[in-house]
Amino acid sequence: MQKTILITGSTDGIGIETARTLLTQGHHILLHGRNPTKLQDAETALQSMAGQGTVDTFLADLSHLSEVKMLADTVAQKYGNLDVLINNAGVYRTSHPLTKDGLDVRFVVNAIAPYLLTQLLLPILTTSGRVVNVSSAAQSPVDLKALAEYVALADDVAYAQSKLALTMWSRHMALALGDSGPMIIAVNPGSLLGTKMVKDAYGIAGGDVGMGADILSRAAVSEEFATTSGQYYDNDSESFASPHPDALDQSKMDEVVAVIANLLSRLN
């Protein structure tokens, strides 16, 4: 059965490889990117090998929350139903860490924008739908002040905190929605895979990106993930695992979600 699947940050790396994998399975893929040239190149590359699947494109800079809303509105208007949302877009190192809203771009793109996009798309995500959030093995306790307003943090610190924030709200939202919402899961696709992010951050080639694409594709459509909402999958161990302890602490999850919800309300 063909599914309609939106993948953010799908112009390169794990994103485009996941799109390629799902496209060959016959699904309708909604590519997202912030660079129009890269988005067009990705569409061309995928259309040239498309089997039974089809491709559509959406342009938005997820560091601008107004564009996150625009993306959600455009997808909702064009498609009455979305089967899968894969929140893949991420930032590790940047020369411009401060967004126009006065927030850290790592927290915005890696945690806040996916939260907002998911909330806005919930009306067209059926209870049989899925939200796959791309987390990381790098997770560290969230500085609530740094989440709510810009605090100068080292790249690795901001990245690890943002990925834990993503993992925390994934479980929080899954538990809150229960059977009334889509399956929501956080996935570490694998450490130090050969993406542009890893190459820029560590100067190494990295591992096989296909490993990450495979697990994200499985999480998106396979039966093995159908009843795993609220869980965390660690592809380094190739198993479901415990995330950072803070992602299992209800009060800490409540705090993180409250900060995200409050800042989104303030910026609305």
Side-chain angles (χ1 to χ4, degrees), residues 1-92 105 108-110 113-118 120-122 124-125 129-135 166 182 185 187 189 193-199 209-222:
M1 179 179 175
Q2 185 187 63
K3 296 183 181 297
T4 300
I5 302 171
L6 171 60
I7 309 173
T8 67
S10 47
T11 58
D12 57 26
I14 296 174
I16 195 169
E17 289 302 319
T18 302
R20 181 175 286 110
T21 299
L22 292 167
L23 190 63
T24 59
Q25 296 174 10
H27 300 296
H28 181 51
I29 306 303
L30 312 187
L31 293 177
H32 157 265
R34 64 183 177 87
N35 181 302
T37 301
K38 291 181 67 175
L39 186 59
Q40 178 61 57
D41 290 345
E43 179 184 24
T44 300
L46 291 178
Q47 284 183 332
S48 68
M49 51 73 64
Q52 299 301 310
T54 53
V55 181
D56 199 356
T57 60
F58 295 85
L59 183 69
D61 185 340
L62 300 187
S63 70
H64 301 321
L65 295 175
S66 60
E67 296 195 28
V68 177
K69 296 177 183 177
M70 176 196 71
L71 173 61
D73 288 344
T74 304
V75 171
Q77 288 171 14
K78 195 166 185 178
Y79 298 94
N81 176 72
L82 183 67
D83 296 296
V84 182
L85 167 62
I86 301 178
N87 284 308
N88 168 72
V91 176
Y92 181 96
V105 70
V108 173
V109 175
N110 299 349
Y115 177 91
L116 176 60
L117 184 61
T118 302
L120 294 172
L121 290 176
L122 280 177
I124 64 169
L125 277 161
R130 300 185 186 186
V131 177
V132 180
N133 290 330
V134 179
S135 185
L166 174 74
I185 188 170
V187 176
L193 300 181
T195 63
K196 182 178 183 297
M197 182 187 295
V198 166
K199 292 171 185 175
V209 173
M211 294 172 55
D214 175 70
I215 191 59
L216 294 185
S217 300
R218 285 163 50 198
V221 300
S222 74

Please list, chain by chain and in numerical order, all residues satisfying side-chain contact (heavy atoms from CB on, under 4.5 Å) with Ala72, sequence neighbours excluded.
-> Leu117, Leu120, Leu121
Please name the pair of heavy atoms, one in Ile14 and one in Ala213, separated by the smallest distance, quoted to 0.1 Å.
-> CG2-N, 4.0 Å
Sub-3.5 Å donor-acceptor pair from the side chain of Ser135 to the main-chain atoms of Val187, do we have one?
-> no
Rounded distance (nearest 0.5 Å) linking atom CD1 of Ile86 with atom CD1 of Ile7 | 4.5 Å
Using salt bridge (Lys or Arg N to Asp or Glu O under 4.0 Å) as the criterion, list what pairs up with Arg218, not counting sequence neighbours.
-> Asp214, Glu224
Might you point out which heavy atoms bring Asn110 and Ala89 nearest each other, and give the distance in Å?
-> OD1-O, 4.2 Å
Mind checking the CD-NZ spacing from Glu43 to Lys38? Nearest 0.5 Å is all I need.
-> 15.5 Å
Are any non-hydrogen side-chain atoms of Val108 and Leu62 less than 4.5 angstrom apart?
-> no
Separation between CG of Leu39 and OG1 of Thr11, rounded to the nearest 0.5 Å | 7.0 Å
Measure the spacing between CD of Glu67 and CZ of Phe58 and express it to the nearest 0.5 Å.
-> 14.5 Å
With sequence neighbours left out, write down each residue that passes ring-ring contact (aromatic ring centres under 6.0 Å, His included) with His64, or none if nothing qualifies.
-> none
Approximate separation, where rounding is to 0.5 Å, of Leu216 CG and Ser10 OG = 11.5 Å
Which residues pass the side-chain contact (heavy atoms from CB on, under 4.5 Å) test with Pro182, sequence neighbours left out?
-> Leu122, Leu125, Val131, Leu177, Ile184
Report the C-alpha separation of Asn87 and Thr118 in whole Å, then their side-chain angles, then the decisive distance to 0.1 Å, and conclude whether the side-chain hydrogen bond (donor to acceptor under 3.5 Å, both in side chains) test is met.
-> CA-CA 8 Å; Asn87 284 308; Thr118 302; 3.1 Å; yes
How would you list all residue pairs meeting salt bridge (charged side-chain N to carboxylate O under 4.0 Å, His left out) that involve residues 72-89, not counting sequence neighbours?
-> Asp56-Lys78
Considering all heavy atoms, the nearest Gly53-Leu23 contact = C-CD1, 3.5 Å
Side chain of Glu17, backbone of Gly210: donor and acceptor closer than 3.5 Å?
-> no
Grab the two heavy atoms, one from His27 and one from Met1, that are nearest each other, plus how far apart they are.
-> CE1-O, 3.5 Å
With sequence neighbours excluded, residues passing side chain to side chain donor-acceptor pair (under 3.5 Å) with Ser63 | Asp61
First locate atom CD of Gln47, then atom OG1 of Thr57, and finally report the distance between them rounded to the nearest 0.5 Å.
-> 8.5 Å
Side-chain donor/acceptor of His32 to backbone N/O of Ala60, under 3.5 Å | yes
